[in-house]
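These notes concern the structure reproduced below.
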Amino acid sequence: MGEQPIFSTRAHVFQIDPNTKKNWVPTSKHAVTVSYFYDSTRNVYRIISLDGSKAIINSTISPNMTFTKTSQKFGQWADSRANTVYGLGFSSEHHLSKFAEKFQEFKEAARLAKEKSQEKMELTSTPSQESAGGDIQSPLTPESINGTDDERTTPEMTPNFEPRAEPTQNALPFTHSSAINKHWEAELATLKGNNAKLTAALLESTANVKQWKQQLAAYQEEAERLHKRVSELECLSNQANAVQSHKTELNQKIQELETTLKKKEEEIERLKEEVEHAKELQDQKDSLSQKLQEVEMHNKDMEGQLSDLEQRLEKSQNEQDAFRNNLKTLLEILDGKIFELTELRDNLAKLLECS
């Protein structure tokens, strides 16, 4: 069936300067289709890219090749057969990672195909003849190269927390209610302090988020302006060396801006998590405040019962004092009667003696 495209993407194509071996020379004025091809008859994988009818990449993948990511959107590999180094600039890090994965996959397939070929040669024990045209390239047209993209997914995290246990009740109602009241008052004071700190931090975070959003918009505008500037510089073919140097600086600045944007986005996500945590603490504070109100109401009921008991105790003490006074009076009367009986006894004894 000949060669068939098995994966395609779009990128800006560069080659290393053959004279300096340091600077990159763009081989396409704009992003072009870069495809992996597989030749089932010869079991060979190739990377091919066309700019119009001109082949700007024609690289056969071998097991000793290595694709290197030099930045978030740029990768390169060396082709010893073509005696050059190819570079690809992608529109996103995702496209670069996908291209690198396919490169590693097809490189491994090429290695396995080479090992199988060597095993067959050893089993047959007859010398195999290598074809002189081992790298004969099949004809290609721009219409045969198509692109495919993949989707990305992001995991989510869910927070969790454990509720606090309430203290148990003691036997003495008044002592226990006072202890509970003091405990919840201290808890409420702590929560009020934490709430004030969290409120201040939340206000500061909100102000920072607004500032960072403004910076993010400014960075995006700057990045768009730089991209437009890069496109304009690419059109100036008569100043290739100066444009390339300036473009490299702009690309580095864009990468720095994108790194800054990524950090700001991570900071915004962290602040969102802190806001969610503050909301959870606020809910806990509301719940504890409600429980404290219930405890205070229960304490008032206990104080009412205690007041009633004190009144009853005072009434009982008054009754006991009255009883004691009555008893004292009776004892005095009884003492008088006993004294009178003693005198009567003495008189009767005297009468008996006289008689």
Side-chain angles (χ1 to χ4, degrees), residues 7-17 20-34 47 49 51 56-57 59 65-79 84-104 147-155 208-209 211-237 239-272:
F7 177 80
S8 297
T9 186
R10 293 186 66 81
H12 291 270
V13 180
F14 301 86
Q15 281 188 0
I16 200 72
D17 190 340
T20 63
K21 298 295 183 181
K22 293 182 180 180
N23 299 327
W24 289 107
V25 178
T27 57
S28 63
K29 295 181 180 180
H30 50 78
V32 296
T33 301
V34 181
I47 303 175
S49 178
D51 187 6
I56 55 178
I57 297 180
S59 177
M65 283 185 177
T66 302
F67 184 83
T68 305
K69 297 179 182 179
T70 57
S71 67
Q72 292 182 344
K73 297 181 181 180
F74 193 86
Q76 65 185 44
W77 76 97
D79 189 343
T84 187
V85 179
Y86 293 102
L88 295 178
F90 295 88
S91 60
S92 68
E93 185 177 359
H94 171 69
H95 293 136
L96 172 60
S97 299
K98 192 67 177 178
F99 187 88
E101 291 174 2
K102 292 296 182 181
F103 191 97
Q104 186 64 27
T148 60
D149 292 326
D150 297 325
E151 296 180 356
R152 291 181 288 179
T153 59
T154 56
N208 290 335
V209 167
Q211 182 180 0
W212 289 334
K213 284 183 177 178
Q214 293 175 356
Q215 292 179 358
L216 180 62
Y219 289 149
Q220 289 176 344
E221 292 177 359
E222 180 68 12
E224 291 179 358
R225 187 185 67 80
L226 292 174
H227 279 299
K228 291 180 180 178
R229 180 60 180 165
V230 169
S231 300
E232 293 174 357
L233 291 174
E234 287 178 349
C235 297
L236 302 175
S237 58
Q239 299 178 356
N241 295 331
V243 169
Q244 181 59 33
S245 177
H246 195 188
K247 179 182 176 183
T248 303
E249 294 177 359
L250 291 176
N251 286 333
Q252 291 177 354
K253 190 172 182 180
I254 290 172
Q255 291 174 3
E256 293 175 358
L257 291 173
E258 289 175 347
T259 304
T260 304
L261 289 176
K262 188 175 181 181
K263 291 181 180 179
K264 295 298 182 183
E265 290 175 354
E266 292 176 354
E267 186 69 17
I268 290 173
E269 292 297 328
R270 185 182 64 80
L271 290 173
K272 287 182 180 179

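As a basis for the values below, the full set of heavy atoms in this structure was taken, side chains included, without hydrogen atoms, waters or symmetry mates. Just so it is clear, the model here is predicted, and its values are computed rather than measured.
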Would you please test Tyr86 and Ile16 for side chain to side chain contact (heavy atoms under 4.5 Å, CB included) and show each step? CA-CA 7 Å; Tyr86 293 102; Ile16 200 72; over 6 Å; no
Going through the distances and angles, do Leu226 and Lys253 end up as a side chain to side chain contact (heavy atoms under 4.5 Å, CB included)? CA-CA 9 Å; Leu226 292 174; Lys253 190 172 182 180; 4.2 Å; yes
In sequence, state the C-alpha distance, the side-chain angles, and the governing distance for Gln76 and Thr70, and then conclude on side chain to side chain contact (heavy atoms under 4.5 Å, CB included). CA-CA 7 Å; Gln76 65 185 44; Thr70 57; 3.7 Å; yes
Would Lys21 and Val85 satisfy side chain to side chain contact (heavy atoms under 4.5 Å, CB included), going step by step from the backbone distance to the final call? CA-CA 9 Å; Lys21 298 295 183 181; Val85 179; over 6 Å; no
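The salt bridge (Lys or Arg N to Asp or Glu O under 4.0 Å) search around Glu258 returns Lys73, not counting sequence neighbours. Remark: Lys272 engages Ile268, Glu269 in a side chain to side chain contact (heavy atoms under 4.5 Å, CB included) (not counting sequence neighbours). Residues that satisfy the ring pair (Phe, Tyr, Trp, His ring centres under 6.0 Å) test with Phe74, not counting sequence neighbours, are Phe14, Trp24. Residues satisfying the side chain to side chain donor-acceptor pair (under 3.5 Å) test with Thr68, not counting sequence neighbours, are none. Under the rule for a side chain to side chain donor-acceptor pair (under 3.5 Å), Lys262 has no partner lying at least two apart in sequence or in another chain. For Ser28, there are no side chain to side chain donor-acceptor pair (under 3.5 Å) partners, not counting sequence neighbours.
Of all non-hydrogen atoms in Gln255 and Ser71, the two that sit nearest each other are NE2-OG, 3.2 Å. Nearest heavy-atom pair, Ala100 versus Lys69, reported as atom, atom and distance to 0.1 Å: CB-CE, 3.7 Å. Heavy-atom minimum distance, Met65 versus Ala78: CG-O, 3.9 Å. Across Asp79 and Ser59, no two heavy atoms sit closer than the pair OD2-OG, 2.7 Å. Shown here for Phe90 and Arg10, the closest heavy-atom pair between the two residues is CD2-O, 3.8 Å.
Taken from CD in Glu93 to CG in Leu96, the straight-line distance is 7.0 Å, to the nearest 0.5 Å. Distance check, rounded to the nearest 0.5 Å: CD1 of Ile56 to CD of Gln15 gives 8.0 Å. Here Gln252 contributes atom CD and Leu257 contributes atom CG; the two are 12.0 Å apart, rounded to the nearest 0.5 Å.
Side chains of Phe7 and Ile47 form no contact here, defined as non-hydrogen atoms less than 4.5 Å apart. The shortest side-chain heavy-atom distance between Trp77 and Leu88 falls under the 4.5 Å cut-off.
Side-chain contact, His94 with Ser97: no donor N or O sits under 3.5 Å from an acceptor N or O.
The main-chain N or O of Val13 is found under 3.5 Å from a side-chain atom of Thr27 such that the two form a donor-acceptor pair. Judged purely by atom type and a 3.5 angstrom limit, Ser49 uses its side chain to pair as donor or acceptor with the backbone of Thr33.
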